[in-house]
2 protein chains.
Amino acid sequence: MATIKDVAKLAGVGVGTVSRYLSGNSSISSKTGEKVAAAMTELSYRPNSMARSLSSKKSNIIGLWVPSFSGSFHRKMLQTIERELRKRDKHIILANAEDSISDKERIDCLDYLIERDCDGILMSCPELSVFELAKIEARYPKVVFINRNIEDLAEKAFSTNHYQGGRLAAKHFVELGHKKIAIVTGRMNAQDAQSRHKGFLDELLAAGIEVDPSLIESGGYSFQQSVEATELLLSKKKPFTALFCSNDNSGMAAISTLSKHGITVGKDVSVIGYDDIDLAEFTSPPMTSVNIPLEAISRNACHQILNLCYGESLPIQNLFEPSLSIRESTHSITSNK
Amino acid sequence: MATIKDVAKLAGVGVGTVSRYLSGNSSISSKTGEKVAAAMTELSYRPNSMARSLSSKKSNIIGLWVPSFSGSFHRKMLQTIERELRKRDKHIILANAEDSISDKERIDCLDYLIERDCDGILMSCPELSVFELAKIEARYPKVVFINRNIEDLAEKAFSTNHYQGGRLAAKHFVELGHKKIAIVTGRMNAQDAQSRHKGFLDELLAAGIEVDPSLIESGGYSFQQSVEATELLLSKKKPFTALFCSNDNSGMAAISTLSKHGITVGKDVSVIGYDDIDLAEFTSPPMTSVNIPLEAISRNACHQILNLCYGESLPIQNLFEPSLSIRESTHSITSNK
DNA sequence: TTATTTTTTGGAACCGTTTCCAAAATTAAA
DNA sequence: TTTAATTTTGGAAACGGTTCCAAAAAATAA
């Protein structure tokens, strides 16, 4: 592998000149530039990224901490982040907390990234407490949180207004005339699950509707657990005409389980999911779901990390409003009963 | 940030000694070791990974080239790879070819990894031609292919015997007495799709069954396209009692579409999917699917890359046999007709 | 033309490690 | 105790870039 010295020698110039040519932001006479360019192609020179990093004190690596790879949800996030950072010639190194049970393991996972001298870190961490996040930020300020709402760290947190998301769902049910409403919650130690739950309940309350606590079961954001939760709800023999699910996995599980019991979704029971993943359109019936602008969130988080790490000044927005994608899994109660 | 020199000075030893202590494979007297350890904690020293890489000519980074982040399929792969490499303190940098339409774009994506001086690259590349892969390997020998079968590069390719996978599915249909069989194929420019398709047809042929070419439609591995493919199959009014889908996305689409048309899956039409993703268990009815040992494949690919890059000699296996996870979406034809 | 300013250039110093070599310290053998 | 063999150690050189500084070259002004 040719080094910058080889290029300099072949071009008959000093190493500084080659380096300056490479960086592009110094003035180089056109003849010298040509000589350097020729030598570089001749030797098929490619700068050594380690040497570069060492010297410039920038690794050009951004760490990406994800809780899991599952779901269309993270997919869109990963995809957007990869695109945004590659565009700017930054590289992504990956840490996955998939099997991490304890906060300690999750922090270890972060250390694994820090060890590699990332310039900054993107974290999508639904489950760490605000307290832990604050500690992380104090120790490692070049960090940005995706899908978290943190009051004291507002400019480093990018997320949807999940409270509003919950309200949207409730409002839709109210408008359709539903009164007996059940809920399959998400992983309730996750902040987003809490917010959408609270928003949902608050909006109902505002409409004078109270949810029977025994019609609330946890689906833990997983398909399997949500199947069980739905079964549990049905076994109680307390009628309900609407079901709010904390994500689309849950929603799909609920639709499938209700159908299996001979209940026509959209007619007997209306179901709303959350996240509006690609598949939501293809359940039968197609599922009404709260849409979160994940691409915009991810893009803005990337911009903020670029601002923090490389002195750029890209405009950013922190909080994004959800919307409701209405499909056939929800119908007015009066039209059927 | 403290450097090795600071540690050496504080401990009253030379830098070489600190470095040797750090590496762990040189003999150090116990007193010196203690002094160094004390100085390191005192300064909360952490070695600079760029300097290390530059000096040792090892980046300890493995590039991971994935065609997409979608599906439970890639999820398990990512998860396994991350775990295996993290265990050995290697880092993963990510390149996603999601939007790449042309081979050129896919190669650019590879260059993006090479630029970062990865020690090796893991590629999951269903769509590049064997010719392109050979060129890649020639230019960059520290590469390993996941989910590819390459005759001339057998030891660098890790995959399932997809031909056998296709045969397993066909055999199951034959044993259940099915004769009128339809197919929703995958992305047919991908090698794995071709193999399983061929295996499926060959096995049927061996049983004296020929598939009506008009009962073969492409689902392109996507849910949406497979919905359309299934609709198309139904619109032809040619009866079939069995349907082989090239992946589980297709299978789920088919099940959903058939149900929508009042066809009872598992009774009127048997459906087999492929990949056996987690969700296969939760369709209604639960879907019979060809299971591929993705975790073992990924793990072995990692081992091979570790062998190639770091002189380890972990045992490896290249080709893995699929199995059939039989569920309720397939039933004997005689029992219902 | 010469003096002055500006642009371009070469090369040394530095980034923080690893590794090699010779010297020093320790241990074993005589 | 002295000598030889072995272990441990300090420090210089190298890894391949970037950046700074002073010198050289070119452009401009007098």
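So that the names make sense, note that chain A is the first sequence line, chain B the second, and so on, each numbered from 1.
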Practice item. May I ask you to say what A:K5 touches in the nucleic acid, namely base, sugar-phosphate or nothing, with a heavy-atom cut-off under 4.0 Å? Key: nothing
Check your understanding: Just the endpoints, please: which first and last nucleotides of DNA chain D, 5' to 3', lie under 4.0 Å from a heavy atom of chain A?
Key -> D:dG16 to D:dC20
Practice item. Could you check B:A51 against B:T17 and say which one's nearest nucleotide on DNA chain D is further toward the 5' end? Key: B:T17
Check your understanding: Could you go step by step and tell me if B:E295 and B:S298 meet the side-chain contact (heavy atoms from CB on, under 4.5 Å) rule?
Key -> CA-CA 5 Å; B:E295 202 176 316; B:S298 309; 5.9 Å; no
Exercise for review: Provide, to the nearest angstrom, the distance between the CG atom belonging to A:L54 and the C1' atom belonging to C:dC15.
Suggested key: 4 Å
Exercise for review: With A:K135 as the cation and A:Y140 as the aromatic partner, state whether NZ or CZ is under 6.0 Å from the six-membered ring centre and within 45° of the axis.
Suggested key: no
Check your understanding: Going from CD on B:E127 to CD on B:E132, what distance comes out if it is rounded to the nearest 0.5 angstrom?
Key -> 13.0 Å
Exercise for review: Looking at every strand, decide which applies to A:G33 at a 4.0 Å heavy-atom threshold: base, sugar-phosphate, or nothing.
Suggested key: nothing
Study note, to complete from the structure: Taken to the nearest whole Å, CD/A:E115 to P/C:dG16 is 18 Å
Review point. C:dC15 P sits how many Å from A:I4 CD1, rounded?
Key: 18 Å
Exercise for review: Test B:I61 against A:R116 for side-chain contact (heavy atoms from CB on, under 4.5 Å), laying out the working first.
Suggested key: CA-CA 9 Å; B:I61 294 177; A:R116 168 60 44 181; 3.7 Å; yes
Exercise for review: To the nearest 0.5 angstrom, please state how far the CG atom of A:L94 sits from the CG atom of A:L78.
Suggested key: 7.0 Å
Study note, to complete from the structure: Applying side chain to side chain contact (heavy atoms under 4.5 Å, CB included) to B:A95 and not counting sequence neighbours gives A:E82, B:C109, B:Y112, B:L113
Check your understanding: Between the side chains of A:S59 and A:D119, does any donor sit under 3.5 Å from an acceptor?
Key -> yes
Check your understanding: Are B:E84 and B:H303 linked by a side-chain donor-acceptor pair shorter than 3.5 Å?
Key -> yes
Check your understanding: Does any donor atom in the side chain of B:S159 or B:N147 lie under 3.5 Å from an acceptor atom in the other side chain?
Key -> no
Review point. Just how far is it from atom NZ of A:K76 to atom CD1 of A:I292, taken to the nearest 0.5 Å?
Key: 9.0 Å
Check your understanding: Would you say the side-chain atoms of B:Y221 and B:D192 include a donor-acceptor pair closer than 3.5 Å?
Key -> yes
Point to revise | Value rounded to 0.5 Å, distance of CZ in A:F320 from OG1 in A:T160 | key: 8.5 Å
Point to revise | A:D117: salt bridge (Lys or Arg N to Asp or Glu O under 4.0 Å) partners, not counting sequence neighbours | key: B:R46
Check your understanding: Which parts of residues 19-27 of chain A get close to DNA chain C, meaning a heavy atom less than 4.0 angstrom away?
Key -> A:R20, A:S27
**Study point:** Stems formed with participation of DNA chain D [Watson-Crick or G-U wobble, under 3.5 Å, three or more pairs]
**Key:** C:1-30 with D:1-30
Using a cut-off of under 3.5 Å, enumerate the N/O to N/O pairs linking the protein to nucleotides 23-28 of chain C.
none

Exercise for review: Give the rounded distance in Å between these two atoms: CG of B:D6 and P of C:dC15.
Suggested key: 11 Å
